[in-house]
Protein chains: 2
Amino acid sequence: MEIDEAPRTRMPAAERRELILRDATAVFAANGYGGTTTDLVAKAAGVSQPYVVRMFGTKEKLFLAVLDRASRVLAEAFRAAIPGPDGDERRERMGMAYVGLIAERGLHQVLMQAFLLGGDPVIGPEARACFLGIWQLVRDEAGMSEQESRDFFAGGMLINTIVALRLGDSHGVDPEIDTMFGVAFPCSFDVYKDVLPTADEPY
Amino acid sequence: MEIDEAPRTRMPAAERRELILRDATAVFAANGYGGTTTDLVAKAAGVSQPYVVRMFGTKEKLFLAVLDRASRVLAEAFRAAIPGPDGDERRERMGMAYVGLIAERGLHQVLMQAFLLGGDPVIGPEARACFLGIWQLVRDEAGMSEQESRDFFAGGMLINTIVALRLGDSHGVDPEIDTMFGVAFPCSFDVYKDVLPTADEPY
DNA sequence: GTCTATACCAAGATAGAC
DNA sequence: GTCTATCTTGGTATAGAC
């Protein structure tokens with residue numbers, strides 16, 4: 001009785017790779033490095049588990065690829081927001097760009113996951129390089145002062161935390177959280193309410 | 001040829017419990033929830049793996065106990081820093097209290113780990129409650145305005161990240177990092193240089 | 001380029017002795 | 001209160017077919 005499509009639609013490697021990386025980002029973000037299985041990633045991407053391993057070598061290398069992609073996506077988003085009036089306005093644009101990336105499921109969280117793995121002998125150094133790279137971009141390319149860079153970064157880390165915590169779920173029901181959103185984000189709730197992940201979203 | 005001490009020194013349950021929780025904090029902090037094994041915790045605490053499970057039920061319950069302890073320790077440290085002149089001075093004292101807790105190995109990181117698990121059906125709600133509890137303490141008990149609370153929290157999240165990333169290792173060799181430390185911490189590097197974890201610290 | 005089958009190991013949890 | 005031994009599951013990675 002032939003249940004259709006055994007070997008999924010064939011696809012050029014590069015394209016499939018990008019597809020898997022996107023899905024892996026969301027899975028790593030939600031489950032952490034240790035909590036993620038290559039099978040979970042495979043399921044999310046609609047391919048077999050051995051294929052994921054085959055394509056990236058090991059789970060660790062897959063994570064590094066995810067991290068690399070995430071930091072490049074972030075850097076691009078920031079760079080795209082730089083042109084135009086500088087100072088407060090530029091910071092505002094960059095903040096909006098950052099919040100806009102919430103739509104890229106798991107991007108902020110996977111970066112945090114990597115940062116938290118600073119003690120790992122192989123992921124740690126990569127994570128530090130990534131963090132420093134963004135720091136330099138913000139300070140040198142966007143021209144923020146050190147104090148401005150610090151505040152910008154700190155705000156970013158807070159946003160990451162709020163997103164990862166799924167605090168958005170409580171928005172509108174919990175006044176505590178409403179006020180937090182009011183101060184934490186560089187724009188009104190409407191802008192990002194439909195991109196925030198929900199508490200019961202699998203990833 | 002009797003290699004000594006088979007059943008380790010007996011100890012009242014409450015005391016052993018606290019001891020295990022401390023060590024588990026460091027292990028969870030360094031390896032994440034998924035990356036932590038009950039055996040790793042057992043080794044760190046110098047007891048057998050089944051005993052850890054026996055005492056806490058499951059790995060998940062152990063993590064919840066660690067989270068609960070961490071948030072209580074943090075709340076106490078903040079409360080102890082409230083009495084005295086308010087405004088900037090109080091914020092400064094609270095910031096110092098926060099940095100001082102770096103000596104409690106893994107405390108900040110384990111909180112972050114919990115926050116990143118916001119999507120988890122059982123850990124998520126606990127993590128949100130913990131975050132909100134501290135938010136309320138900072139705003140209501142310490143009397144910070146919403147904007148001040150937000151900045152205080154944001155700075156805290158940045159400190160967590162820097163600590164977890166083991167950026168301290170590069171201090172003194174990398175000028176980028178020196179300037180970051182200069183702006184991110186509420187005190188000079190000397191105050192915390194010997195409590196910051198190193199990149200190769202197992203946990 | 002993608003799958004199925006499987007070897008192998010690691011980790012959580014239980015049983016039960018001391 | 002604490003251990004040793006062990007059962008069981010599930011996850012990484014390999015082999016090899018299509």
Side-chain angles (χ1 to χ4, degrees), chain A residues 1-24 27-28 30-66 117 120 122-123 202-203, chain B residues 1-24 27-28 30-66 113 117 120-123 202-203:
Chain A
M1 46 185 205
E2 297 299 317
I3 314 281
D4 85 352
E5 36 142 30
R8 261 76 164 199
T9 42
R10 236 175 146 79
M11 189 182 294
E15 191 176 336
R16 179 119 281 168
R17 188 186 150 88
E18 177 65 15
L19 204 153
I20 294 179
L21 282 178
R22 271 183 79 108
D23 292 325
V27 177
F28 275 121
N31 302 101
Y33 178 69
T36 293
T37 68
T38 52
D39 190 54
L40 225 43
V41 172
K43 291 248 170 56
V47 295
S48 71
Q49 178 267 332
Y51 186 57
V52 172
V53 174
R54 164 72 76 106
M55 178 162 263
F56 294 92
T58 63
K59 173 176 148 178
E60 188 175 66
K61 287 194 188 128
L62 169 60
F63 185 78
L64 290 175
V66 163
L117 258 36
D120 183 280
V122 16
I123 298 174
Y203 41 75
Chain B
M1 50 186 209
E2 295 298 316
I3 315 281
D4 86 350
E5 35 141 29
R8 260 76 166 196
T9 42
R10 236 174 145 79
M11 189 181 292
E15 191 177 335
R16 179 120 277 169
R17 189 187 151 88
E18 177 65 15
L19 204 153
I20 294 179
L21 282 179
R22 270 183 82 109
D23 293 323
V27 177
F28 274 122
N31 304 100
Y33 178 70
T36 293
T37 68
T38 53
D39 189 53
L40 226 43
V41 172
K43 290 248 170 52
V47 296
S48 71
Q49 179 267 333
Y51 185 57
V52 171
V53 174
R54 163 72 74 105
M55 178 163 263
F56 294 92
T58 64
K59 172 176 150 178
E60 189 174 64
K61 286 193 189 131
L62 169 60
F63 185 78
L64 290 176
V66 163
Q113 298 282 6
L117 259 33
D120 183 279
V122 18
I123 297 174
Y203 40 73

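Basis for what follows: all heavy atoms, side chains included, without hydrogens, waters or symmetry-related copies. A note on names: the letters A, B, ... follow the listed sequences, proteins ahead of strands, and every chain is numbered from 1. Treat the numbers as computed from the prediction; the structure is a model and nothing was measured.
Taking atom CE of residue Met11(A) and atom C1' of nucleotide dT2(C), one finds them 11 Å apart after rounding to whole Å. The CZ atom of Arg10(A) sits 11 Å away from the C1' atom of dC3(C) (whole-angstrom rounding). The separation between Leu19(A) atom CG and dT2(C) atom P is 10 Å, rounded to whole Å. Rounded to an integer number of Å, the gap from CZ of Arg17(A) to P of dT2(C) is 14 Å. Protein atom CG of Leu62(B) is 10 Å distant from nucleotide atom P of dA13(C), rounded to whole Å. The OH-C1' distance, from Tyr51(B) to dC3(D), rounds to 11 Å in whole Å. One interatomic measurement links the two molecules: CG of Leu40(A) to C1' of dG10(D), which rounds to 12 Å at whole-angstrom precision.
Residues in residues 39-56 of chain A take part in these salt bridge (Lys or Arg N to Asp or Glu O under 4.0 Å) pairs, two or more places apart or across chains: Asp39(A)-Lys43(A).
Listed by chain and number, the residues in a side-chain hydrogen bond (donor to acceptor under 3.5 Å, both in side chains) with Thr37(A) amount to none (sequence neighbours excluded). Taking the side chain to side chain contact (heavy atoms under 4.5 Å, CB included) definition, one finds that Leu62(B) meets it with Leu21(B), Ala24(B), Phe28(B), Val41(B), Val52(B), Phe56(B), Val66(B), sequence neighbours left out. Residues passing the salt bridge (Lys or Arg N to Asp or Glu O under 4.0 Å) test with Glu60(B): none are found, sequence neighbours excluded.
Between the side chain of Lys61(B) and the backbone N or O of Met55(B), no donor-acceptor pair lies under 3.5 Å.
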Contact state string [nucleotides 11-18 of chain D, B base, S sugar-phosphate only, - no protein heavy atom under 4.0 Å]: SBBB-B--

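The distance from the OG1 atom of Thr58(A) to the CG atom of Leu64(A) is 7.5 Å, given to the nearest 0.5 Å.
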